[in-house]
Visitor: 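Next up is a structure, given as structure tokens.
Worth saying up front: this structure is predicted, and the values here are computed from it rather than measured.
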Number of protein chains: 2
Amino acid sequence: MSTDLLTDESCGLRERKKRETRRALNLAALDLVEEKGFAAVTTEEIAARAGVSARTFFNYFPSKEAAVIGTTAEELESYAAALEQDVEGETPLESLRRILAGMLAPASIDRELRARRRRILLGEPSLAPALVGNNIRIENALTGALERRLGVQSGASLEARLTVAVAIAAVRACIEHQQNGGSGRLERNIDQAFDRIAAGLR
Amino acid sequence: MSTDLLTDESCGLRERKKRETRRALNLAALDLVEEKGFAAVTTEEIAARAGVSARTFFNYFPSKEAAVIGTTAEELESYAAALEQDVEGETPLESLRRILAGMLAPASIDRELRARRRRILLGEPSLAPALVGNNIRIENALTGALERRLGVQSGASLEARLTVAVAIAAVRACIEHQQNGGSGRLERNIDQAFDRIAAGLR
DNA sequence: CGCCGAAAGTGCAGTGACTGCAAAATTGCA
DNA sequence: TGCAATTTTGCAGTCACTGCACTTTCGGCG
């Protein structure tokens with residue numbers, strides 16, 4: 001159920017309603033983009049479908065793009081926490097492969113929503129710049145987590161940021177490759193890409 | 001001299017004036033961003049300083065960001081051509097290192113302009129999303145070139161796109177690292193990053 | 001040299017993203 | 001129940017960006 005994320009933490013009515021509103025705005029945005037395409041959707045429409053005023057929209061998202069993408073700070077923290085945890089016999093790159101693949105794969109609970117998101121976001125080329133912009137946030141969160149896992153000071157060594165940036169780039173390359181009609185399944189290509197990176201590129 | 005790029009090809013007055021106007025808009029944008037910061041600059045100001053109407057601005061650049069960044073199709077083609085050329089004893093990754101490093105380094109002619117560009121663009125965090133968005137264009141151009149160099153059909157294999165994406169990500173990681181007060185010189189870090197990628201990440 | 005078609009520049013009106021501000025509604029707590 | 005903090009909302013305003021129609025400028029050709 002959707003109650004999973006909506007009830008667990010800080011169950012004040014206030015916090016719950018904020019989560020609901022945020023989610024409603026994100027879903028409304030996805031609906032409308034699927035119906036009419038990103039360019040033809042206005043922030044007013046999104047707000048109206050979510051049942052809030054046009055002004056309130058911008059209390060939740062800084063831009064139309066952000067509302068469609070809808071990445072929450074909680075998601076970011078959860079991925080970061082997963083990477084920070086040192087799993088037995090897994091290199092940082094292997095952890096990143098697992099976590100980033102998990103971000104794309106329809107997960108246990110949200111199956112439909114995740115698949116929908118993926119289909120809509122990747123089907124809109126005009127969102128590509130916003131998506132790579134969003135990757136900056138992910139990269140920063142994951143870099144911090146990896147630095148903690150490796151026990152180095154933030155920004156001290158290049159290694160953590162380089163590993164994260166390359167891993168994200170690999171996933172993005174596979175997505176682009178697929179969008180351009182490239183061969184192979186996405187998941188399989190991601191596996192191959194990480195194998196090559198681990199083996200060393202030429 | 002600036003006549004280098006302005007007179008060599010298709011010397012009609014028309015083409016020359018277009019190049020001049022484009023350049024004037026880009027320089028005006030850089031000036032103003034340096035003076036007041038990106039957010040405080042309007043497209044009208046840029047157009048006024050370049051001596052054209054506000055409407056004409058958008059005949060040259062699709063957005064305010066694009067005017068500041070100012071990457072031309074010619075530059076893209078030139079980098080692509082450099083990568084397409086198969087240099088004796090150089091792997092694709094080594095060619096990419098050389099070419100991408102060359103994009104950052106103050107070149108033979110444009111020394112001041114290049115340095116200025118670099119300083120202004122990297123000094124404006126609000127431009128980061130636009131910069132990574134611009135990287136998509138670079139990635140596509142370089143991917144096509146590498147595919148031709150390797151003699152594979154466009155989009156057929158993942159290898160070309162993966163190599164290019166990882167190389168660009170490496171450079172970007174080094175830039176971010178430096179912006180966050182990280183250790184080391186940029187050029188040196190880029191060398192190290194490519195060495196690690198060639199050796200295989202863990 | 002002068003004319004004509006094409007390309008580029010410009011003004012105008014309009015849409016829509018986004019912001020600051022202050023008032024109104026809602027919620028948490030005593 | 002009443003007060004304080006938080007959230008929602010309306011309003012006015014700025015500015016990026018677009019389509020359209022009109023003018024200006026350029027390049028070629030008789």
Visitor: Quick one: do B:Arg116 and B:Asp31 make a salt bridge, cutoff under 4.0 Å?
Guide: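 Yes.
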Visitor: So B:Thr143 and A:Glu176, side chain to side chain contact (heavy atoms under 4.5 Å, CB included) or not? Walk me through it.
Guide: CA-CA 11 Å; B:Thr143 299; A:Glu176 294 266 341; over 6 Å; no
Visitor: Atom pairs under 3.5 Å, N or O on each side, protein against nucleotides 8-12 of chain C: can you list them with distances?
Guide:
unit_1: C:dA8; atom_1: OP1; unit_2: B:Lys18; atom_2: NZ; d: 2.8
unit_1: C:dG9; atom_1: OP1; unit_2: B:Tyr60; atom_2: OH; d: 2.8
unit_1: C:dT10; atom_1: OP2; unit_2: B:Ser53; atom_2: N; d: 2.8
unit_1: C:dT10; atom_1: OP2; unit_2: B:Ser53; atom_2: OG; d: 3.3
unit_1: C:dT10; atom_1: OP2; unit_2: B:Thr56; atom_2: OG1; d: 2.8
unit_1: C:dT10; atom_1: O5'; unit_2: B:Ser53; atom_2: OG; d: 3.4
unit_1: C:dG11; atom_1: O6; unit_2: B:Arg55; atom_2: NE; d: 3.3

Visitor: Between the side chains of A:Arg161 and A:Glu139, is the shortest nitrogen-to-carboxylate-oxygen separation below 4.0 Å, so that they form an ion pair?
Guide: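 A:Arg161 and A:Glu139: salt-bridged.
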Visitor: Using atom names, set out every protein N or O paired with an N or O of nucleotides 14-18 of chain C below 3.5 Å, distance rounded to 0.1 Å.
Guide:
unit_1: C:dA17; atom_1: OP1; unit_2: A:Val41; atom_2: O; d: 3.4
unit_1: C:dA17; atom_1: OP1; unit_2: A:Thr43; atom_2: N; d: 3.3
unit_1: C:dA17; atom_1: OP2; unit_2: A:Thr43; atom_2: N; d: 3.3
unit_1: C:dA17; atom_1: OP2; unit_2: A:Thr43; atom_2: OG1; d: 3.0
unit_1: C:dC18; atom_1: OP2; unit_2: A:Lys64; atom_2: N; d: 2.8

Visitor: Is it the case that B:Thr42 and B:Glu44 place a side-chain donor and acceptor less than 3.5 Å from each other?
Guide: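 No, because no side-chain N or O of B:Thr42 sits under 3.5 Å from a partner of the opposite role on B:Glu44.
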Visitor: Count the heavy atoms belonging to other residues, nucleotides or ligands that lie under 6.0 Å from CZ of B:Arg119, then report whether that count exceeds 12.
Guide: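 Counting other residues, nucleotides and ligands, CZ of B:Arg119 exceeds 12 neighbours.
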Visitor: For a salt bridge (charged side-chain N to carboxylate O under 4.0 Å, His left out) with B:Glu75, tell me which candidate from B:Arg137, B:Arg117, B:Arg114, B:Arg22 qualifies.
Guide: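 Single pass found, and it is B:Arg117.
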Visitor: Go through the structure and list residues passing side chain to side chain contact (heavy atoms under 4.5 Å, CB included) with B:Arg149, not counting sequence neighbours.
Guide: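 In terms of side chain to side chain contact (heavy atoms under 4.5 Å, CB included), with neighbours along the sequence ignored, B:Arg149 is linked to B:Leu83, B:Asp86, B:Pro92, B:Ser95, B:Leu146.
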